[in-house]
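Notes follow once the structure below has been shown.
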There are 2 protein chains.
Amino acid sequence: MTKKLSIRDIAGELNISKTTVSLILNGKAKENRISDVLIERVVNHVERRDYKPNQLAKSLSTGKTMIIGLMVEKISDYFFAQVAYHIEELAYQNGYKIIYCSTDNDAHKTRELINLFRERHVDGYIITPPAGIEQDIQALIDDGLPVVLFDRYFEEVNSSYVILDNYKASFDAVMYLINSGHENIAFVELDSDQSQMLDRRKGYLDALAVKGLKPLLLKIPFSSTMDQKAARLVNFIRNNNQPEAIFFATNYLAFSGIKALNQLNLNIPGDVAIVAFDDHQVFDIYAPTITAVAQPISELASQSIRILLDMLDPKKNAQFPQKIVVQSAFIVRDSTKK
Amino acid sequence: MTKKLSIRDIAGELNISKTTVSLILNGKAKENRISDVLIERVVNHVERRDYKPNQLAKSLSTGKTMIIGLMVEKISDYFFAQVAYHIEELAYQNGYKIIYCSTDNDAHKTRELINLFRERHVDGYIITPPAGIEQDIQALIDDGLPVVLFDRYFEEVNSSYVILDNYKASFDAVMYLINSGHENIAFVELDSDQSQMLDRRKGYLDALAVKGLKPLLLKIPFSSTMDQKAARLVNFIRNNNQPEAIFFATNYLAFSGIKALNQLNLNIPGDVAIVAFDDHQVFDIYAPTITAVAQPISELASQSIRILLDMLDPKKNAQFPQKIVVQSAFIVRDSTKK
DNA sequence: CTGAAAGCGCTTACAG
DNA sequence: CTGAAAGCGCTTACAG
C-alpha cells in the first residue's frame with residue numbers, strides 16, 4: 001500500500017505553501033487573487049498525481065462531514081427501501097453520503113442511533129420518528145442541527161416535515177368503497193398512535209360518519225409476524241359477520257389480510273372487497289390486482305432531501321420549519337370491482 | 001448550542017493530563033499502571049459530564065473510522081434490503097456503522113462509489129460486484145483493504161466471498177420439476193454473465209441433460225421495467241409452444257412471469273408450473289402460493305460481516321481469503337402441484 | 001498574491 | 001504512574 005499523498009506533499013512538489021493549494025482546491029483562489037497560471041499549475045498537478053484530500057482531516061477542521069443520517073422504520077420494508085433509494089440518489093448528486101439505519105419503530109433503539117449519529121457529526125438528519133422520541137428530536141433542533149421528519153410528525157415539536165395527506169387519502173378511499181355500494185366496511189390498522197395512523201383512522205371514521213355507517217376497527221401490533229397478523233384477521237373476520245370490505249392501513253397488513261381471506265376461502269372481491277394503504281409492486285400482479293392508495297415516493301424523497309439541503313446551505317436563506325403535505329393517488333384495481 | 005466538551009476540558013476539570021484521560025477511556029489504563037482510584041474518578045466524571053469523544057479526531061489519529069461500506073445491487077430489492085438489514089444489525093452490535101449504496105449493477109457508478117468510500121476511509125467493504133469492476137476490487141485488495149464479495153464473485157480475483165451454491169440450488173429445483181413429470185421446462189434469466197447467473201443456468205442445463213431434455217432459454221435485460229419484462233415473456237410463451245413449467249432465475253422475474261401468465265389467461269399450476277429463484281414474502285400469500293429456492297438470508301449476512309470483522313481484527317489471526325458457499329432451501333408450494 | 005502558524009480533538013511514543 | 005509534546009491532514013485568519 002503506497003503512502004497516501006497529503007496536501008503537504010503536493011505543496012512540496014510544487015514549491016508553494018499548503019495554504020495556496022488548499023485555497024485553490026476549495027475554489028477560494030479568485031477571492032485571494034491567486035494567479036490563473038498558478039491555479040492551472042496546481043490543478044493539473046493534483047490531477048496528474050491523483051491527489052484526494054483526506055476527508056477526515058477536512059471534516060475535523062471544517063466541522064462538516066457531508067454525511068446525512070437517514071433513519072427509517074425498517075429498510076427492508078418496500079416503501080422505506082424505495083424512499084431510501086431515491087434519497088440516496090439525490091444525496092449523492094449533491095455531494096452528500098447517507099448513513100442509514102432502521103429504527104424498528106423502537107424509541108430506545110432510535111435514541112441510541114441518534115447519539116451514534118451525533119458522535120459521527122452527521123450534517124443533517126432525515127427521520128421517520130417512532131413514538132416517544134419527541135424530546136430527542138427537540139434536542140437535535142435546539143442544538144441547531146438540521147432535521148427533517150418524514151412520514152409522520154409530532155404536534156408538539158415544531159420541526160420541518162414531509163408527510164402524506166393521510167386524512168384525505170383515507171377519507172377518499174373509504175368514500176370510494178361507500179360509493180361502490182359497501183356499507184359494512186372494516187378498518188385494519190397498527191396498534192399505534194403515530195400521526196400517520198391517527199390521520200388514516202380519522203379519515204376512515206369521518207367518511208363513514210358522512211353516511212351514518214358504523215365503524216368496525218381492528219388494531220394489530222406492529223411487531224407481530226405475518227402469520228400472527230393473519231390469525232388475528234381470521235378471527236376478526238369470523239367474529240364480525242364478515243365485513244363486505246376491508247381497508248388496510250398499510251400494505252403488509254393487506255398481505256396478512258389476503259392470507260387470512262385465502263385461509264377462510266373467501267373470494268376477493270366477490271365476498272370481500274379490499275383496499276390497501278401504500279401501493280406495492282405485487283398489487284399490480286396479484287390475481288385479483290389490489291386497489292391501493294399510492295404514496296408519491298419520489299416526491300416524498302425529493303422534498304425531504306431538498307428541505308435538508310436547503311437547511312445545510314445558508315446561502316439559500318430559506319425559511320424553516322417547512323411543513324410539506326403531499327397528495328396520494330388512488331389506484332383502482334380489481335379487488336374492489338363489484 | 002452549547003460548546004461540545006473536549007478531552008482537554010475533561011482533563012482540565014480533573015487536573016490531570018489529556019494522556020491519562022485518553023488512556024483510561026481506551027482501556028489502556030491497566031497496561032500503563034494507572035491507579036484504580038484515578039480510573040474510577042475519570043470514568044465517573046466522564047459519565048457525569050456526558051462527554052463523548054469526537055470520532056472524527058479519533059479517526060484522524062488512529063486511521064480507523066469504524067465504518068463499513070456496503071454496496072448492494074439495489075437497496076430497494078427485497079432480497080438485498082433484507083440482507084442489508086441483517087448486516088446493519090450485526091455491524092452495529094460490533095461497534096461499526098454502515099454506509100450503504102446501490103450499484104444498480106453499473107460498473108461506472110460502482111467505481112465512483114468505491115472511490116467515495118476510499119476517500120471516506122471506510123474500514124472495510126462488502127460488495128455485490130457488477131461485471132467489469134474486477135480491477136477495482138483487485139486494487140482494493142492490493143492496497144490491503146478488507147473486502148468481502150457477496151452474492152457473486154470473480155474467478156480471476158482471489159478475494160473472500162460469500163455466495164449461495166447456485167448450481168446445486170438450480171439443479172435440484174429443475175430435478176424436482178422433472179421428477180414431477182414435466183419435460184418442457186423453460187429457464188428465464190437475466191441477460192448477464194455474472195457468476196450467480198452462470199451457475200443457475202448451468203444447474204438448469206445439467207439437470208435437463210441428465211434426462212436428455214431440451215433446454216429453452218430466455219434472457220431478459222436487467223434494466224427493463226416490470227411491464228417490459230412481462231411483454232417479453234408473453235411473446236416467449238406464445239412462440240414456444242407454451243412450456244409446461246418455467247423456472248425463473250430471480251423473484252422479480254417470477255413476478256413478471258406471473259403477470260405474463262395472467263395476461264395470457266393461463267392457470268398456475270394447471271397450465272404452467274412455476275418456480276422462482278429467491279423466496280419472497282408474497283410467494284407464501286399469492287394464490288396459488290409460489291414454489292421457490294430460498295436463500296438463507298441471515299446466514300449470508302452473518303457470514304459476510306463475520307469475515308469482514310475477522311479481517312478488521314488482527315488478533316483473530318484468521319486466514320484469508322475465505323470462500324464461503326452456503327446452501328439454499330427448496331420450498332415446495334402450490335405453483336408446482338400437479 | 002503568498003506563506004508561517006495556529007487550531008480542529010484526538011492518540012501515543014517517550015521521558016521521567 | 002503521569003505529563004509534555006509531536007503528529008494525524010486539513011483550513012483559515014493574519015501578516016506582509
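Protein chains get the first letters and strands the later ones, always in sequence-line order, with residue 1 at the start of each.
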Problem set entry | Check ion pair B:K52-B:D50 (N to O, under 4.0 angstrom) | yes
For this session: Identify, residue by residue, the members of residues 30-49 of chain A with a heavy atom below 4.0 Å from DNA chain D, and return them in order of residue number, or none.
Result: none
For this session: Determine whether the aromatic ring centres of A:Y100 and B:Y100 lie less than 6.0 Å apart.
Result: yes
For this session: Quick one: the dot-bracket string of DNA chain C, using Watson-Crick and G-U wobble pairs with both distances under 3.5 Å, [ ] for crossing pairs and | for bases paired to another strand.
Result: |||.||||||||.|||
For this session: Identify, with sequence neighbours excluded, every residue that meets ring-ring contact (aromatic ring centres under 6.0 Å, His included) alongside A:Y85.
Result: none
Problem set entry | Phosphate contact (D:dC10 OP1 or OP2) by A:Y51 side-chain N/O below 4.0 Å | yes
For this session: Applying salt bridge (charged side-chain N to carboxylate O under 4.0 Å, His left out) between B:R118 and each of B:D123, B:D136, B:D143, report the one that passes.
Result: B:D143
Exercise. Looking at residues at least two apart in the chain, or sitting in another chain, which of them share a side chain to side chain contact (heavy atoms under 4.5 Å, CB included) with B:S59?
Worked result: A:L56, B:T65
Seminar exercise, completed: Contact check, residues 15-25 of chain A vs DNA chain D, heavy-atom distance under 4.0 Å, returns A:K18, A:T19, A:S22
Exercise. If you look only at pairs with a residue in residues 16-30 of chain A, which of them pass as a salt bridge (charged side-chain N to carboxylate O under 4.0 Å, His left out), with sequence neighbours excluded?
Worked result: A:K30-A:D36
Exercise. Is the shortest heavy-atom distance from the side chain of B:E156 to the side chain of B:E134 under 4.5 Å?
Worked result: yes
Problem set entry | A:E73 and A:R152 ion-paired at < 4.0 Å | yes
